[in-house]
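Since the structure comes first, as structure tokens, the remarks are kept for the end.
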2 protein chains.
Amino acid sequence: MLQITSAQIRKDLSYFGRFGKQGRGYRVRHLLTELKQILGLDAEWNVAVVGVGRLGNAILNYPGFNPDGFHLVAAFDNNPRHLGEDVGGVSVEPMSAMAETVASRNITIAIVAVPSVHTQSVVDQLVECGVRAILNYAPITAQVPAGVWVRNIDPVLALQSMTTI
Amino acid sequence: MLQITSAQIRKDLSYFGRFGKQGRGYRVRHLLTELKQILGLDAEWNVAVVGVGRLGNAILNYPGFNPDGFHLVAAFDNNPRHLGEDVGGVSVEPMSAMAETVASRNITIAIVAVPSVHTQSVVDQLVECGVRAILNYAPITAQVPAGVWVRNIDPVLALQSMTTI
DNA sequence: GCCTGTGAACATATTCACAGCA
DNA sequence: TGCTGTGAATATGTTCACAGGC
């Protein structure tokens with residue numbers, strides 16, 4: 001179904017250990033538990049959204065954006081128009097509150113949904129606050145020190161990549 | 001800036017031809033033109049959005065989702081509530097109109113923003129209508145015949161992938 | 001007989017290092 | 001001297017094929 005060969009799956013699993021029984025296959029529940037642990041999906045992660053414009057708003061309100069273990073617990077924006085506003089159940093705070101809120105709510109992941117021009121400075125600020133995993137929606141490669149992970153999501157790039165059929 | 005080595009870039013370019021001058025570098029305008037052609041970004045692409053729920057709506061209204069050469073020219077949904085509605089300047093049509101509209105408006109790319117349960121049947125229908133490039137927003141691997149390209153966009157998966165710091 | 005786990009073979013991708021031209 | 005283009009070396013990823021336990 002996933003267009004992945006059985007050999008590939010076996011090799012991938014073997015990288016982490018031995019989870020099956022020869023001739024019998026895998027115990028699904030057991031394998032699922034092991035995989036969740038390997039992927040860090042057995043823990044709780046508190047997430048902050050920076051930027052509550054059109055996109056940040058959509059993220060905070062999108063019901064599917066709260067998979068097991070992930071909690072959108074903070075939102076930041078410097079636009080006074082949004083300050084104090086409730087977006088998807090979270091109260092919008094100014095950027096200046098970031099350090100304190102990240103620490104007090106134990107936030108480890110951030111989603112950056114600000115215009116490209118502001119992305120780098122927002123990322124710098126997040127890194128400064130101790131956030132080491134950042135999901136970036138701007139079409140920009142943010143520069144970060146070693147040990148910080150940025151994943152870029154760019155639907156426009158994905159669309160553009162469809163043209164070489 | 002892109003965290004890509006110069007050797008990598010030279011190798012990639014060499015796959016398509018020779019665009020620079022030794023000792024001098026690349027003529028930026030010329031290289032840009034060549035790359036646009038290689039990537040199919042010098043042409044016009046008409047795009048349809050299937051599903052005008054929360055997500056489809058956001059896509060159709062998002063001003064950044066109209067990069068050079070891409071035109072969102074149709075929207076389909078079977079919910080009678082949305083039929084005829086204007087979403088981001090496009091009139092919502094029923095799924096039954098797909099074959100005719102795809103042909104008449106020369107649509108070559110589709111963005112599928114419907115719930116997972118409906119994704120496969122929508123994809124089947126698009127393929128039937130001759131669409132060969134599909135951007136899928138559901139957390140599903142759609143099955144397609146050879147020659148059809150599906151690219152999956154899954155922000156939730158991206159978020160989940162941030163946990164193995 | 002079935003299906004995992006894994007070396008070996010093969011394939012692809014990246015990096016190195018340098019000849020050669022401006 | 002500077003920078004491209006590219007073979008060669010290295011690294012990484014995938015597929016094959018089969019031993020061995022169930």
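Proteins get letters first, then strands, A, B, ... in listed order; numbering begins at 1 in each.
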What's the shortest heavy-atom distance between B:Glu93 and B:Leu83, and which atoms? C-CD2, 3.6 Å

Spacing between [X] atom [atom1] and [N] atom [atom2], to the nearest angstrom:
X: A:Lys11; N: C:dC10; atom1: NZ; atom2: C1'; result: 12 Å
X: A:Arg18; N: C:dG5; atom1: CZ; atom2: P; result: 6 Å
X: A:Phe16; N: C:dT4; atom1: CZ; atom2: C1'; result: 18 Å
X: B:Ile4; N: C:dT15; atom1: CD1; atom2: P; result: 10 Å
X: B:Gln22; N: C:dA19; atom1: CD; atom2: C1'; result: 8 Å
X: A:Arg24; N: C:dG1; atom1: CZ; atom2: P; result: 17 Å
X: A:Leu31; N: C:dT4; atom1: CG; atom2: P; result: 10 Å

Assign each of A:Leu13 and B:Gly23 to its nearest nucleotide of DNA chain C by heavy atoms, then name whichever residue's nucleotide is nearer the 5' end.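 The answer here is A:Leu13.
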
With the side chain counted from C-beta on, respond yes when B:Ile134 and B:Val148 share a heavy-atom pair under 4.5 Å apart, and no when they do not. yes

Look at all strands and tell whether B:Thr5 reaches a base, only sugar-phosphate, or nothing, counting heavy atoms closer than 4.0 Å. sugar-phosphate

Using a 4.0 Å heavy-atom cut-off across all strands, classify B:Arg10 as base, sugar-phosphate, or nothing. base

First locate atom CD of B:Gln160, then atom CG of A:Leu39, and finally report the distance between them rounded to the nearest 0.5 Å.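 B:Gln160 atom CD to A:Leu39 atom CG measures 8.5 Å (nearest 0.5 Å).
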
Roughly how far, to the nearest 0.5 Å, is the CZ atom of B:Arg10 from the CD atom of B:Gln8?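 Going from the CD atom of B:Gln8 to the CZ atom of B:Arg10 covers 10.5 Å.
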
Backbone N or O of A:Val73 within a donor-acceptor pair of the A:Asn46 side chain at under 3.5 Å?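 No.
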
Indicate yes or no for a side-chain donor-acceptor contact from A:Gln143 to the backbone of A:Thr141 under 3.5 Å, with no hydrogens or angles considered.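 Between the backbone of A:Thr141 and the side chain of A:Gln143 there is a qualifying donor-acceptor contact (under 3.5 Å).
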
With nearest nucleotides of DNA chain D determined for B:Tyr26 and A:Ala7 from heavy-atom distances, which residue corresponds to the more 5′ nucleotide?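 Between the two, 5'-proximity favours B:Tyr26.
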
For A:Gln8 and B:Ser14, take the nucleotide of DNA chain D holding the closest heavy atom to each; which residue's nucleotide lies nearer the 5' end?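 Its nucleotide being nearer the 5' end, the pick is B:Ser14.
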
Can you give me every donor-acceptor pair (side chain of residues 22-36 of chain A, partner residue at least two apart or in another chain, under 3.5 Å) with its distance?
unit_1  : atom_1 : unit_2  : atom_2 : d
A:His30 : NE2    : A:Glu34 : OE2    : 3.2
A:Thr33 : OG1    : A:Arg29 : O      : 2.9

Would you grab the first and last nucleotide of DNA chain D (5' to 3') that comes under 4.0 Å of any non-hydrogen atom in chain B? D:dG2 to D:dA8

